[in-house]
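Just so you know, these numbers use all the heavy atoms, side chains as well, and skip hydrogens, waters and symmetry mates. Every chain is numbered from 1, with letters handed out A, B, ... down the list of sequences.
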Amino acid sequence: MSNVVALKNYKASSPVLEQPSSVDNKQVQNQFWIDCLIKVAKTQDQASFQTLFAHFAPKIKTFFVKQGLSMQEAEELMQETFISVWRYADYFEANKGQVSTWIYTIARNKKLDYYRKTNRQVNTTEMVSEDIAVDAGEQFDLRMGQEVTAFLPQLPEEQLEVIQKVYFEELSHQKAADALNITLGTVKGRIRSAVNNLSKLMRGGL
Amino acid sequence: MSCNHHPAVESLLQHASGKTSGLQHLMIRLHCKVCDHCDKVVTEFESLGGETLESLSDTPLQVGAFQALMKRIQSNADVTEVDSNRSDYAHLIEKILGREGKADKLNWHWRTKRFAEIPLPTEDKGFDAKLIYFKKGMKVPRHTHRDKEYTLVLSGAFSDDSGEYKRGDYVYKTSHDEHSPVATSDCICLAVTTQPLKFTGTFGPVLNWFLN
Ligand SMILES: [Zn+2]
């Protein structure tokens with residue numbers, strides 16, 4: 001939007017800003033990305049934009065490839081993702097968390113848009129078993145006034161790991177089993193436990 | 001907390017990880033607009049997506065990718081929406097939920113004096129979608145669902161044996177659930193079924209005919 005105007009001063013060889021060396025420190029790293037986004041939003045700063053691009057674009061391309069798209073499609077959707085990052089940098093709410101999460105949601109929505117436009121079926125994750133839907137209910141009822149606090153950290157690491165592999169890394173249950181060196185049965189068991197635990201957590205504590 | 005009935009955790013996970021589409025996507029998205037609770041849950045799941053993105057290896061980009069990108073931004077070409085659900089009626093439904101505009105003015109097909117509907121076109125195979133309007137006090141005859149029924153309350157409220165459902169509530173019923181909802185105030189719902197409703201009460205055959 002407003003960002004487009006300022007591009008007249010664009011130089012093809014904007015230098016990439018230096019990233020903090022303490023990559024381990026997630027908070028410092030995230031603050032760095034937030035600062036980049038703010039500069040993009042407020043001053044249409046291209047060096048900051050290119051810094052974000054250099055870090056995230058190759059990963060986003062991988063993300064699309066993992067969704068089963070071709071290299072060409074992945075490159076195109078990566079570009080569209082960054083057009084949105086540029087245009088909507090203003091909409092990022094720094095208090096809401098990680099820049100990587102925000103960029104992830106943009107890429108995810110690009111994927112969904114693209115699937116819809118090209119009449120592709122979205123690849124759903126196999127539900128663990130029918131009895132969860134019946135047992136826990138496909139809806140959960142809450143008592144009044146309970147606030148959700150961060151519940152993912154309360155999940156056992158081994159369950160979280162499986163959820164991440166199956167839902168976000170697009171691995172089949174079997175591939176997740178191979179990647180984690182556990183049996184297929186264990187994968188299904190952990191997902192079932194994770195879903196049960198999450199249901200309980202969302203209803204207000206285990 | 002404004003909502004009492006929510007999608008299951010597995011549905012929210014599917015949603016956060018980009019595996020819901022069409023009507024399911026729309027219903028969960030709209031529920032999250034009204035329900036802070038589920039909105040937060042989805043956001044937290046999305047952070048797993050962000051973490052996963054960070055952990056991915058790099059795929060080499062085409063030569064000059066950044067320059068090409070800046071050119072496209074500069075030329076202001078192909079504006080695409082961030083939002084992934086923009087069918088015409090999605091917009092309409094969102095307005096009803098947002099209490100904008102007059103839902104009465106829609107092109108309702110009145111089936112009885114107190115019951116109207118608008119069938120919605122859907123690209124989702126095997127799904128049947130409609131907006132339904134119950135006037136206060138309207139009792140829907142006891143019915144079962146051959147498969148699955150998802151309901152999102154857009155305005156007003158209705159109740160059945162298992163509770164009351166208000167604006168934003170996400171209700172899921174399977175073929176095991178037989179229920180006879182009553183509108184406790186003028187009520188508009190988005191109803192999605194995998195099979196047409198099957199009425200089992202006295203008025204069953206007539207209403208089945210009306211509905212199909
Ligand atoms: Zn909810």
Tell me, side chain or backbone of [X] under 4.5 Å from chain B's heavy atoms, or both, or neither?
X	answer
Phe82(A)	both
Gln79(A)	both
Ile60(A)	both

For [X] and [Y], which heavy atoms make the closest approach, and how far apart are they?
X	Y	answer
Gln46(A)	Phe66(B)	O-CZ, 4.2 Å
Leu112(A)	Thr20(B)	CD2-O, 3.6 Å
Trp33(A)	Glu54(B)	NE1-OE2, 3.8 Å
Ser47(B)	Leu152(A)	OG-CD1, 4.2 Å
Pro153(A)	Glu44(B)	CD-OE2, 3.7 Å
Asp58(B)	Thr62(A)	C-OG1, 3.6 Å

Taking every non-hydrogen pair under 4.5 Å, which of Phe49(A), Phe56(A), Phe168(A) racks up the most with chain B? Phe168(A)

Pick from Glu75(A), Gln164(A), Met78(A), Lys61(A) with the largest number of heavy-atom pairs that fall under 4.5 Å of chain B: Glu75(A)

Is the shortest heavy-atom distance from the side chain of Phe45(B) to the side chain of Leu198(A) under 4.5 Å?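 They are in contact (side-chain heavy atoms under 4.5 Å apart), so the answer is yes.
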
Residue pair Ile73(B) / Arg87(A), side-chain heavy-atom distance below 4.5 Å: no

Starting at [atom1] of [X], measure out to [atom2] of [Y] and round the result to the nearest 0.5 Å.
X	Y	atom1	atom2	answer
Tyr167(A)	Thr52(B)	OH	OG1	13.5 Å
Leu53(B)	Arg108(A)	CG	CZ	12.5 Å
Ser21(B)	Asp113(A)	OG	CG	12.0 Å
Lys59(A)	Thr59(B)	NZ	OG1	10.0 Å
Met71(A)	Gln62(B)	CE	CD	10.5 Å
Leu48(B)	Thr101(A)	CG	OG1	8.5 Å

Heavy-atom proximity to chain A below 4.5 Å, by part of His15(B): backbone

Would Leu61(B) and Phe53(A) satisfy side chain to side chain contact (heavy atoms under 4.5 Å, CB included), going step by step from the backbone distance to the final call? CA-CA 11 Å; Leu61(B) 305 179; Phe53(A) 183 88; 3.6 Å; yes

Between Arg192(A) and Glu10(B) (salt bridge meaning N to carboxylate O under 4.0 Å), is one present in this structure? no

By salt bridge (charged side-chain N to carboxylate O under 4.0 Å, His left out) - contacts of Glu169(A) (at least two apart):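 Listed in chain order: Lys165(A).
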
Considering residues at least two apart in sequence or located in another chain, which fulfil the salt bridge (charged side-chain N to carboxylate O under 4.0 Å, His left out) criterion with Glu51(B)? Lys26(A)

Do Glu170(A) and Lys19(B) pass the side chain to side chain contact (heavy atoms under 4.5 Å, CB included) test, and can you show the C-alpha distance, the side-chain angles, and the key distance before you say yes or no? CA-CA 10 Å; Glu170(A) 306 292 327; Lys19(B) 295 176 182 63; 3.1 Å; yes

Just checking Gln72(A): does its CD atom have more than 12 heavy atoms from other residues, nucleotides or ligands closer to it than 6.0 angstrom?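 Result for CD/Gln72(A): open.
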
Under 4.5 Å, counting heavy-atom pairs only, tell me which of Ser55(B), Ala65(B), Pro60(B) racks up the most with chain A.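 Highest number of pairs under 4.5 Å: Ala65(B).
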
